[in-house]
Amino acid sequence: MNPVVAAEPQHNAEQQDPASAPLPESGAGADLETSGQAAPVLRLRGAAVRVGGRTLWSGVDLEVRAGEFVAVLGPNGVGKSTLVKVLLGIVPAAEGEIRVLGRRPGEAGSRVGYLPQRRSFDPDLRIRGVDVVRMGLDGDRWGVPLPWSRNRREQEQRVDEVIELVGASAYAHRPIGQCSGGEQQRLLIAQALVRRPEVLLLDEPLDSLDLPNQSAVAALIGRICHRENVAVVMVAHDVNPILHHLDRVVYIAEGGAVCGPPSEVVNSETLTRLYRTPVEVLSTQDGRLVVVGQPEAPAVHTDRHTGHHHHGHGDRRAG
Amino acid sequence: MGTPVFSWNLLYDFQLMWSYPFMVNAFRAGAIVAVVAGAVGWFMVLRRQTFAGHTLSVVAFPGAALATLAGFSLSLGYFGFCVAAGLVLALMRRGREPGGSEESAATGVVQAFLLACGYLFMALYKGLLEGPQALLFGSFLGITSGQVATLAVAGLAVLLALTVLGRPLLFASVDPQVAAARGVPVRALSVTFLVLLGVATAEAAQITGALLVFALMVLPAATAQVLTARPGLSLLLTVVLGFAVTWAGLVAAFYWPYPLGFFVTSFAFGLFLLAHVARSTARALERRRDASGAALAGGAA
């Protein structure tokens, strides 16, 4: 009896898969609710992007489901941030099919949260963290909020709730310029989360943080992803702080990309095939991965100062 | 007028001052300008566009000088030049990072050239005007009711625009990248803001003179931002402070034989210093309380 009951939904799911696969236009959001895992939140098929006549990457296939944590890795200037911008609809894809929550990129509105690369606020900026989070909620509305409107209390509650979620309550009322890098990053994550997005796109959120803060913020993102069932796509410089939280990685290099579980992608064979030159992945005693011998600036490493400069330039060219 | 003496009875003093129609106009114009310049200046300080503001205020001088020379309305000279300069600045910033506030050296070059043009216009105009001094450092004498009406209409338009644009403008000023991703038209807002800044500068220049525009555009906003980090409160405080220093400056300039621009700027500067003193005192007290609290806790343990 039991096996039959257990088989039933699985059978259903199998039936649904081919049916829902070719339908890109509508109803993917509804599918997601009714059949749980059936419809991917993000889907790229044969995606390619060209910036200034140069193909950054092509043939990228990726499906991300609700509650999955995916990292985008690769050397500097390879177009990792551009992948996030493609998903946001800021940069158009040159080829392939891209669906974000069943719609074209840029059409899902507040269902997609975004944390751009490395913003640090001026130390003199006299705006509180809570105000910055609040801007994520209604900063794009025209006109002035009425102090007596009924939404106001709800909105304030939501802001407090999300600040609590990222553990920023202690300093949310200080001017944001006076908060440390890690504190600012938590507040910015709260800002990206405040409208309850189903997809969170993060561009190097751990950059410029010290090691303890890197692992704390990585754990926070992992927790939000798995507990709040938010799909997270995170561009990362260094896979190590997030390695234990990841479900999948996309490794972009030399115009192509490989997707899969971290252990299947970040290893010597796969990266050697990807780069078409011998690359070695070493595992240190404490489980950190080190990529040796890849062309251009190393992507998985600890020397982030020189790396950052390179990255900035590459990114401008890319974006 | 004779030499009126300040009596410390404010009711009597205001009655005396307001018995002169030119003083009534001065107070009206001062009130309008203080509110408009304060509100726009608050965003300018937040966006770190004080150099743009300075450029626009310098442009007010050749505008007014040309109006005097060519014989068209002074208001047209101020508003026309400042708004045009705002648009030129917006054009020069095109293609830069949205929200980036650095101005190029080209801005400084244009600014110096226009200042020189203003001086030329004044030299060409050989009439018996107060000379460049009133245009550069302000005067409250001879403000007509027509001018007050023009200031009111332009000021109202600026305030209305700020009410509608305020929230997205704040978002775009503090966090341009996320604002852009959320669909806020960051570039269009930046251009619009420079136009508003042009109008506000043109207004302020008519009271404080081209060179002391910052007394009303920067000082109240900077003072308020020292005192509080709450956006709404800080904006309100800016407007109140700007209004207070302007009216206090007018009273002082009426009773004492020194220029208005000096009084307004000194009062605003005094408040700015006081605000800094108040903040450091508050911080020191807090630190001492924390320290003594820690000592108590230590003693208890």
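Note that these values count all heavy atoms, side chains included, but never hydrogens, waters or copies made by symmetry.
- The shortest non-hydrogen separation linking D131(A) to A229(B) is OD2-O, 3.4 Å.
- Heavy atoms of other residues, nucleotides or ligands lying less than 6.0 angstrom from CD of E164(A) number 12 at most.
- The two atoms that bring R141(A) and P168(B) nearest to each other are O-CD, 3.1 Å, heavy atoms only.
- Residue L160(B): no heavy atom, backbone or side chain, is found under 4.5 Å from chain A.
- Listed here is the closest heavy atom pair of A181(B) and Y114(A): CB-CD2, 3.4 Å.
- Looking at V226(B), the atoms closer than 4.5 Å to chain A (heavy atoms on both sides) all sit in the backbone: N, CA, C or O.
- Rounding to the nearest 0.5 angstrom, the gap separating the CG atom in D124(A) from the CD atom in Q225(B) is 10.0 Å.
- Taken to the nearest 0.5 Å, the CD atom of Q177(B) stands 8.5 Å off from the CD atom of Q117(A).
- Closest approach of Q191(A) to D175(B), counting heavy atoms only: NE2-OD2, 3.0 Å.
- R167(B) and V144(A) get closest at one heavy-atom pair: NH2-C, 4.3 Å.
- Atom CZ of R230(B) and atom NE2 of H173(A) lie 7.5 Å apart (nearest 0.5 Å).
- Neither the backbone nor the side chain of R174(A) comes within contact range of chain B; no heavy atom of the residue lies under 4.5 Å from a heavy atom of that chain.
- What you find for L189(B) and W142(A) is that their closest heavy atoms are CD2-CZ3, 4.1 Å.
- Proximity to chain A is limited to the backbone of T228(B), based on heavy atoms less than 4.5 angstrom apart.
- When the candidates V184(B), T163(B), L169(B) are compared by the number of heavy-atom contacts under 4.5 Å with chain A, T163(B) comes out ahead.
- Interface summary for chain B: among I90(A), L125(A), D138(A), L88(A), the most heavy-atom pairs under 4.5 angstrom belong to D138(A).
- Ranked by non-hydrogen atom pairs under 4.5 Å with chain B, the options A192(A), P175(A), G136(A) are led by G136(A).
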